[in-house]
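Shown next, in structure tokens, is the structure this report addresses.
These numbers were taken from a predicted model, which means no experiment stands behind them.
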Amino acid sequence: MKRLIALLLVLLLLPVFASAELKRGDRGEEVKELQQILIELGFLEDKADGIFGKKTEKAVKALQEYWGVNTTGRLDDDDLMLLYDLYYIVTGEMEFDGLGEDELSEIYPAYCSWEGTDEWGAVFCYRHQEEYLVASQIAPNPPKKLEEMFVSRLCELWEMEIELMYDEWAETDPDAAEEQREIFEAALEAFEPGREKMEWLEAQGIDLCFELHGAEKQAAE
């Protein structure tokens with residue numbers, strides 16, 4: 001349910017496609033736009049010339065293999081929407097238009113936790129739906145370029161959010177917050193850019209969110 005709602009928010013940003021399907025032999029601006037996105041995400045190593053040829057078809061098949069669907073080499077409207085979904089999420093151009101924090105808080109949990117049924121075992125609260133959307137798009141064996149974009153985006157989001165949570169903690173217990181912030185920053189410096197850093201930051205963020213906002217909810221109850 002939470003994935004469906006999040007996707008609906010993203011799809012509000014998607015362009016309207018004129019054609020029902022893009023396939024080998026097609027030409028035009030829609031093909032060129034498709035090629036530009038495939039290049040940016042690391043699936044296509046070619047120029048965006050607006051001609052759906054052999055290389056573009058191969059790139060589309062690689063994308064479909066990444067998604068775990070039939071490798072037809074053709075993209076219908078639903079496929080194109082999924083591609084734009086991926087693009088907007090990984091580039092950070094997505095916005096939660098239409099729903100405020102109060103509305104989101106009624107849909108999603110009040111705090112992140114490790115009690116979920118998602119494949120990575122985490123539930124993300126209403127504050128961290130952007131982090132959830134990025135993490136949920138990571139499938140096995142992404143192109144190197146796409147993996148770097150995932151890693152960079154998630155690290156950026158969690159580093160920023162963890163700092164905000166330490167600021168929030170400092171409002172009620174400044175000494176403890178500052179002590180733990182220093183421990184966090186020292187540990188962070190030991191990581192080189194990459195997946196290990198991304199996964200560590202995600203774990204730190206989820207745990208900190210649980211400690212702060214889970215305690216708030218339990219106290220309110």
Side-chain angles (χ1 to χ4, degrees), residues 2-4 6-15 17 21-24 30-96 118-122 124 128-161 191-203 205-206:
K2 65 179 182 179
R3 175 61 176 152
L4 174 60
L7 274 175
L8 289 175
L9 295 173
V10 176
L11 296 181
L12 292 173
L13 301 173
L14 299 182
F17 296 100
E21 183 179 73
L22 290 179
K23 60 187 183 303
R24 189 169 179 177
E30 287 180 283
V31 174
K32 187 174 183 179
E33 188 173 0
L34 167 66
Q35 291 171 323
Q36 288 171 335
I37 292 175
L38 290 171
I39 290 168
E40 189 164 344
L41 296 181
F43 290 97
L44 176 62
E45 295 183 6
D46 198 14
K47 61 182 180 180
D49 58 5
I51 302 171
F52 199 127
K54 185 176 180 180
K55 289 183 178 179
T56 302
E57 183 181 56
K58 183 178 178 182
V60 169
K61 287 181 177 180
L63 171 67
Q64 291 170 329
E65 184 177 353
Y66 173 74
W67 281 338
V69 299
N70 291 334
T71 54
T72 63
R74 303 185 300 275
L75 292 176
D76 61 20
D77 282 347
D78 289 340
D79 296 327
L80 288 165
M81 292 176 80
L82 286 173
L83 178 58
Y84 272 85
D85 179 6
L86 173 62
Y87 176 79
Y88 283 128
I89 289 170
V90 80
T91 58
E93 296 185 18
M94 176 195 65
E95 295 180 3
F96 287 100
D118 289 332
E119 62 184 27
W120 60 82
F124 287 71
H128 300 135
Q129 280 304 295
E130 189 166 1
E131 287 86 341
Y132 168 74
L133 282 172
V134 177
S136 69
Q137 291 286 325
I138 304 177
N141 302 316
K144 183 178 179 182
K145 197 171 182 179
L146 179 58
E147 180 171 21
E148 289 173 352
M149 294 173 77
F150 276 132
V151 167
S152 175
R153 185 64 185 149
L154 265 180
C155 285
E156 176 186 25
L157 287 171
W158 277 121
E159 283 191 58
M160 178 174 62
E161 187 56 32
F191 285 93
E192 295 292 332
R195 226 179 229 264
E196 186 179 0
K197 178 181 179 181
M198 177 192 76
E199 292 170 354
W200 181 80
L201 279 167
E202 181 178 72
I206 291 170

- Side-chain ion pair, Glu147 and Lys144, N-O less than 4.0 Å: no
Distance from [X] atom [atom1] to [Y] atom [atom2], nearest 0.5 Å?
{"X": "Thr71", "Y": "Glu57", "atom1": "OG1", "atom2": "CD", "value": "9.5 Å"}
{"X": "Leu146", "Y": "Phe43", "atom1": "CG", "atom2": "CZ", "value": "5.0 Å"}
{"X": "Ile206", "Y": "Leu201", "atom1": "CD1", "atom2": "CG", "value": "11.0 Å"}
{"X": "Glu131", "Y": "Leu154", "atom1": "CD", "atom2": "CG", "value": "7.5 Å"}
{"X": "Tyr88", "Y": "Gln137", "atom1": "OH", "atom2": "CD", "value": "14.0 Å"}
{"X": "Asp79", "Y": "Leu22", "atom1": "CG", "atom2": "CG", "value": "10.0 Å"}

- Applying side chain to side chain contact (heavy atoms under 4.5 Å, CB included), name anything that partners Lys58, two or more places apart in sequence or on another chain. none
Do any N or O atoms from the side chain of [X] and from the backbone of [Y] form a donor-acceptor pair under 3.5 angstrom?
{"X": "Ser152", "Y": "Met149", "answer": "no"}
{"X": "Asp76", "Y": "Asp78", "answer": "yes"}
{"X": "Gln64", "Y": "Gly73", "answer": "yes"}

Any non-hydrogen side-chain atom of [X] less than 4.5 Å from a side-chain atom of [Y]?
{"X": "Phe124", "Y": "Glu202", "value": "yes"}
{"X": "Glu30", "Y": "Leu80", "value": "no"}
{"X": "Asp85", "Y": "Ile89", "value": "yes"}
{"X": "Phe150", "Y": "Arg195", "value": "no"}
{"X": "Gln36", "Y": "Lys32", "value": "yes"}

Give the minimum heavy-atom separation between [X] and [Y], together with the two atoms involved.
{"X": "Val151", "Y": "Met198", "result": "CA-SD, 3.8 Å"}
{"X": "Pro143", "Y": "Gly42", "result": "CB-O, 3.5 Å"}
{"X": "Ile37", "Y": "Tyr87", "result": "CG2-CD1, 3.9 Å"}

- Side chains of Tyr84 and Glu33: donor-acceptor distance under 3.5 Å anywhere? yes
- Message: Tell me whether Lys197 at atom NZ has more than 12 heavy atoms from other residues, nucleotides or ligands lying less than 6.0 Å away.
- Response: yes
Without placing hydrogens or testing angles, list every side-chain donor-acceptor pair under 3.5 Å for residues 44-55, not counting sequence neighbours.
unit_1: Asp49; atom_1: OD1; unit_2: Gln35; atom_2: NE2; d: 3.2
unit_1: Asp49; atom_1: OD1; unit_2: Ile51; atom_2: N; d: 3.0

